[in-house]
Amino acid sequence: MLSPSRKGKEKAVDNDVDGFLDINPILTYRHLHAKNPGVRSPFRVVALCDSDAFYAACERVRLKLDPELPLVVQQWDALIAVSYPARKFGISRMDKIRDAKQKCPDLVVVHVATFREGDPEPGYWPNPNTLTHKVSLDHYRRESAKIIAVFKEIIPEAEIEKASIDEAFVDFSIPVRNTLLERYPILAEVPEDLDTPLPPAPAIDWGDLSAVVPVNPEADEAGPSTTPEPAPTWHDVALSIGAELMAKVRKEVLERLGYTMSAGISRNKFLAKLSASYKKPNSQSVLRNAAIPGYLRPMQFRKIRFLGGKLGKALAEEYDASTVGDLHTISLDEMQRKFGEESVWVWEVLRGIDRSEVKEKSVLNKSMLASKNLPRPVTKPSEGIHWLRVLASELALRLHEARETTPGLWPKTIVLHTRRGWQAGRSRQQAFPFSRNLTADVVSSAGEKLWRESVGTDATAPKDMKVTHIMLGFSGIAALGAGQAGIEGFFTNSNSNSTNGEPSDNQGEKCTRCGAQIKPLQELPSDVDDETREAAMVGARLEHEDWHFAKDLARQPPTSSPSPPHSSPKKRKSSSSSDAGNGKVKKRKKEPVGIAKYFAKK
DNA sequence: ACAATAGAG
DNA sequence: GGCTCTATTGT
């Protein structure tokens, strides 16, 4: 794809500086005009942009408050966001609400939105009760979506990857190249030999758009720029154009939505992310190739994406190292011997190389979870049902909301995860039944079945059980194609079946497999509403499917129509061997497994 | 398909 | 620390 044939010769220059790779490549017309500037293009321009104290900013905007006010977002006793003005008082996310108020008596404290059973939607209350409410982050998800929409509108040619609720990667390579060719027509005049190096690059006026990471940080601290900055390269020019575009996006987001953001702009995702924290808030930083060694070498490597966890710890202990520079003494071979073939990714990243793509992801999440730590642990299964309903109604609400943008959304599976005391959590999942109306009751019924399987019933559960955490969620969420027969009616219409008169008088429906009548577990009053009926049917259907499941296992096809049991969920092999205890890495034959898995496949 | 775990914000 | 979310691995 790249690599001009004569690369070998020309590369002899000072390409690799002090262990850093490919810091000063020779830029040619071939590089610039390549059809697709891929991940190896030396002209790549990547940014990481994140919102400053995002949750705090969301509340500031929602309440139309002065941006200079010190503000924190409270979640029960704790803080989940601290605005930059509040940080000036020494308040950090680790503080308790008390300490924060002590440090700043005029602090604006906003409790995050909460939700309880029966609420039509999450709401903002000054003193929600953790015994009855669960936190809702939905407002922040919506604001996040608005920001991404502005990104897409302002820079339609850039690739945008939403990386989290408050962060996005942007690949500016294509729009930057277009601007470069427009602005410097000389670059559009391609010589016969594509491998001809480009003429010298012009000086760059960085203006006050960006903070430019200095090439020699120590010298700069000592006094005003004692070291001459290396001559600008065409890649630096490209970065400066990327910076212009980034500034434009940030300006639009600020003007339209009120959020300030900080960005890092560099040659790849990992460096973009790392440089974004160079100057915050409401700022953007450019990391030129020439500045990479000085910036990276003293950096704590555990600040690097994917090195913040167990792998980073393992590296630190194995080599008694803490900075990127410390790890430069480790050869690729040595690292691969200890940490597996895949660790080449680490070796490269320590030298400023990262070929991972910025790839557009669907805006839609594939999963949707609602969870609650139980301040009063649940000691018998029947008490848990209440929380299940809270979580289920929140999920139903959120799925409905998601369908406003994307009709036809349906989850493949429903998952229940519970944790007891200090024990490792356990999860149960199953296909999510298809039903006409997605109501909280439908979700709840499905959840309750998993709950019975997982923790049992009042009769079967251990007396001393203490469930401390419940999570209910959907996974495999996707829009069912229009190809599916009769799907439209399922989604578009919520007042459902009988616009033409009587609700069908049957109390049940036929199983498509065995033809048996499936009836609600309990007799329903004749005037019951559709939603309740639907939910009851879902419960019944799940039980019936369970029965088929057991029958199938016993290889006795249900031909006639024996009446399926309405209770007693089947026992299934619970093979939860918890071998996961010790944090030690076990060695297998060749590869040091347990470490290899830390590396994302590139 | 299901269950568990790591990692990030 | 609480609440999400994604991805990967192993069965």
Side-chain angles (χ1 to χ4, degrees), chain A residues 48 50-55 73-81 92-97 111-115 122 130 133-138 140-141 144 161-168 273 276-277 302-314 342 356 359 361-375 391 394-395 398 412-419 423-432 450 453-454 468-477 549 572-581 583 585 588 591 593-602:
Chain A
L48 178 282
D50 69 280
S51 287
D52 301 319
F54 184 53
Y55 292 177
V73 181
Q74 177 187 6
Q75 176 175 284
W76 315 131
D77 293 337
L79 303 184
I80 53 173
S92 95
R93 283 215 318 170
M94 294 296 115
D95 290 339
K96 294 291 188 195
I97 200 79
H111 198 287
V112 63
T114 54
F115 184 73
T130 183
H133 293 61
K134 83 169 287 301
V135 161
S136 165
L137 303 178
D138 219 24
Y140 311 137
R141 291 187 197 101
S144 176
E161 175 182 331
K162 185 172 192 244
S164 75
I165 198 161
D166 70 343
E167 285 187 325
K273 166 87 183 168
S277 55
R302 300 200 60 185
K303 285 189 188 163
I304 294 171
R305 224 158 68 110
F306 303 132
L307 297 183
K310 294 191 173 185
L311 174 57
K313 187 159 185 282
E342 301 273 18
S356 58
K359 52 190 264 192
K361 294 200 195 135
S362 162
V363 217
L364 304 164
N365 288 330
K366 295 180 196 71
S367 60
M368 186 182 280
L369 320 167
S371 67
K372 169 82 183 167
N373 274 348
L374 302 174
L391 301 178
E394 201 204 346
L395 286 175
R398 282 170 57 189
K412 274 197 176 51
T413 38
I414 181 165
V415 194
L416 175 72
H417 189 270
T418 53
R419 190 167 54 234
Q423 298 176 44
R426 49 164 56 194
S427 70
R428 293 240 119 185
Q429 56 183 297
Q430 65 163 66
F432 187 67
L450 294 173
E453 288 179 10
S454 181
T468 54
H469 178 86
I470 304 184
M471 185 280 280
L472 189 65
F474 295 135
S475 69
I477 302 172
F549 179 83
R572 275 172 212 174
K573 256 265 182 101
S574 94
S575 62
S576 56
S577 61
S578 68
D579 67 329
V585 179
R588 261 196 229 149
E591 259 197 295
V593 284
I595 290 286
K597 69 171 173 235
Y598 296 134
F599 298 91
K601 292 242 162 67
K602 291 294 139 186

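Everything numeric here is computed off the predicted structure, so don't read it as measured data. Naming: A, B, ... by sequence-line order, numbering from 1 per chain.
Considering A/Arg428, A/Gln429, A/Gln430 in turn, A/Gln430 is the only one that fulfils the side chain to side chain contact (heavy atoms under 4.5 Å, CB included) rule with A/Ile414.
Side-chain atoms of A/Arg93 and base atoms of C/dG1 include a donor and an acceptor less than 3.5 Å apart.
Counted by atom type alone, A/Ser367 and A/Asn365 present zero donor-acceptor pairs between their side chains at under 3.5 Å.
The side chain of A/Arg398 places an N or O atom within less than 4.0 Å of a non-bridging phosphate oxygen (OP1 or OP2) of C/dC5. Listed pair A/Lys96 / C/dG1 fails the phosphate criterion, with no side-chain N or O lying under 4.0 Å from OP1 or OP2. The phosphate of C/dT4 has OP1 or OP2 within less than 4.0 Å of a side-chain N or O from A/Arg141. Side-chain nitrogen and oxygen atoms of A/Asn365 include none within less than 4.0 Å of the OP1 or OP2 phosphate oxygen of C/dT4. Under 4.0 angstrom from either OP1 or OP2 of C/dC3 there lies at least one side-chain N or O belonging to A/Asn373. The phosphate of B/dA4 (OP1 or OP2) has a side-chain N or O of A/Ser427 nearer than 4.0 angstrom. Contact check, A/Arg305 against B/dG7: no side-chain N or O comes under 4.0 Å of OP1 or OP2. The side chain of A/Lys273 places an N or O atom within less than 4.0 Å of a non-bridging phosphate oxygen (OP1 or OP2) of B/dG9. Phosphate proximity of C/dT4 to A/Lys134: present, with a side-chain N or O under 4.0 Å from OP1 or OP2.
Atom-to-atom distance recorded for A/Ile477:CD1 and A/Lys412:NZ is 10.5 Å, nearest 0.5 angstrom.
At distances below 3.5 Å, at least one donor-acceptor pair connects side-chain atoms of A/Thr468 with backbone N or O atoms of A/Arg419. Within the 3.5 Å criterion, the main-chain N or O of A/Thr130 finds a donor-acceptor partner in the side chain of A/Lys372.
Candidate nucleotides C/dC3, B/dA6, C/dT6 were compared by shortest atom distance to the side chain of A/Lys310, and B/dA6 ranks first. Distance from the side chain of A/Val135 is smallest to C/dC3 among B/dC2, C/dT4, C/dC3. The side chain of A/Gln429 lies closest to B/dC2, out of C/dG2, B/dC2, B/dG9. If you check C/dC5, C/dG1, C/dC3 against the side chain of A/Ile80, the one that comes closest is C/dG1. Of the candidate nucleotides B/dG9, C/dT6, B/dG7, C/dT6 has the atom lying nearest to any side-chain atom of A/Leu369.
The CG-C1' distance, from A/Asp52 to B/dG9, rounds to 14 Å in whole Å. One can place CE of A/Met368 at 15 Å from C1' of C/dC3, the figure rounded to the nearest angstrom. A/Met94 places its CE atom 11 Å from the P atom of C/dG2, with the value rounded to the nearest Å. Counting to the nearest Å, the P atom of B/dG9 and the NZ atom of A/Lys303 are 13 Å from each other. If you take NE2 of A/His469 and P of B/dA4, they are 13 Å apart, rounded to a whole angstrom. We find that CG of A/Asp77 is positioned 12 Å from P of C/dC3, with the value rounded to whole Å. What separates CG of A/Leu374 from C1' of C/dC3 is a distance of 13 Å, to the nearest Å. Nucleotide B/dA3 holds its P atom 18 Å from the CZ atom of A/Arg419, rounded to whole Å.
Among the protein residues, A/Ala163 comes within range of no part of the nucleic acid, since none of its heavy atoms lies under 4.0 Å from any strand.
Taking the six-membered ring where tryptophan is involved, the planes of A/Tyr140 and A/Tyr55 are essentially parallel, since the angle between them stays under 30° and well short of 60°.
Across the interface with DNA chain B, nearest-nucleotide mapping of A/Leu137 and A/Lys412 shows A/Lys412 to be the residue nearer the 5′ end. In terms of position along DNA chain C, the nucleotide closest to A/Leu79 lies nearer the 5' end than the nucleotide closest to the other residue of the pair A/Ser367 and A/Leu79.
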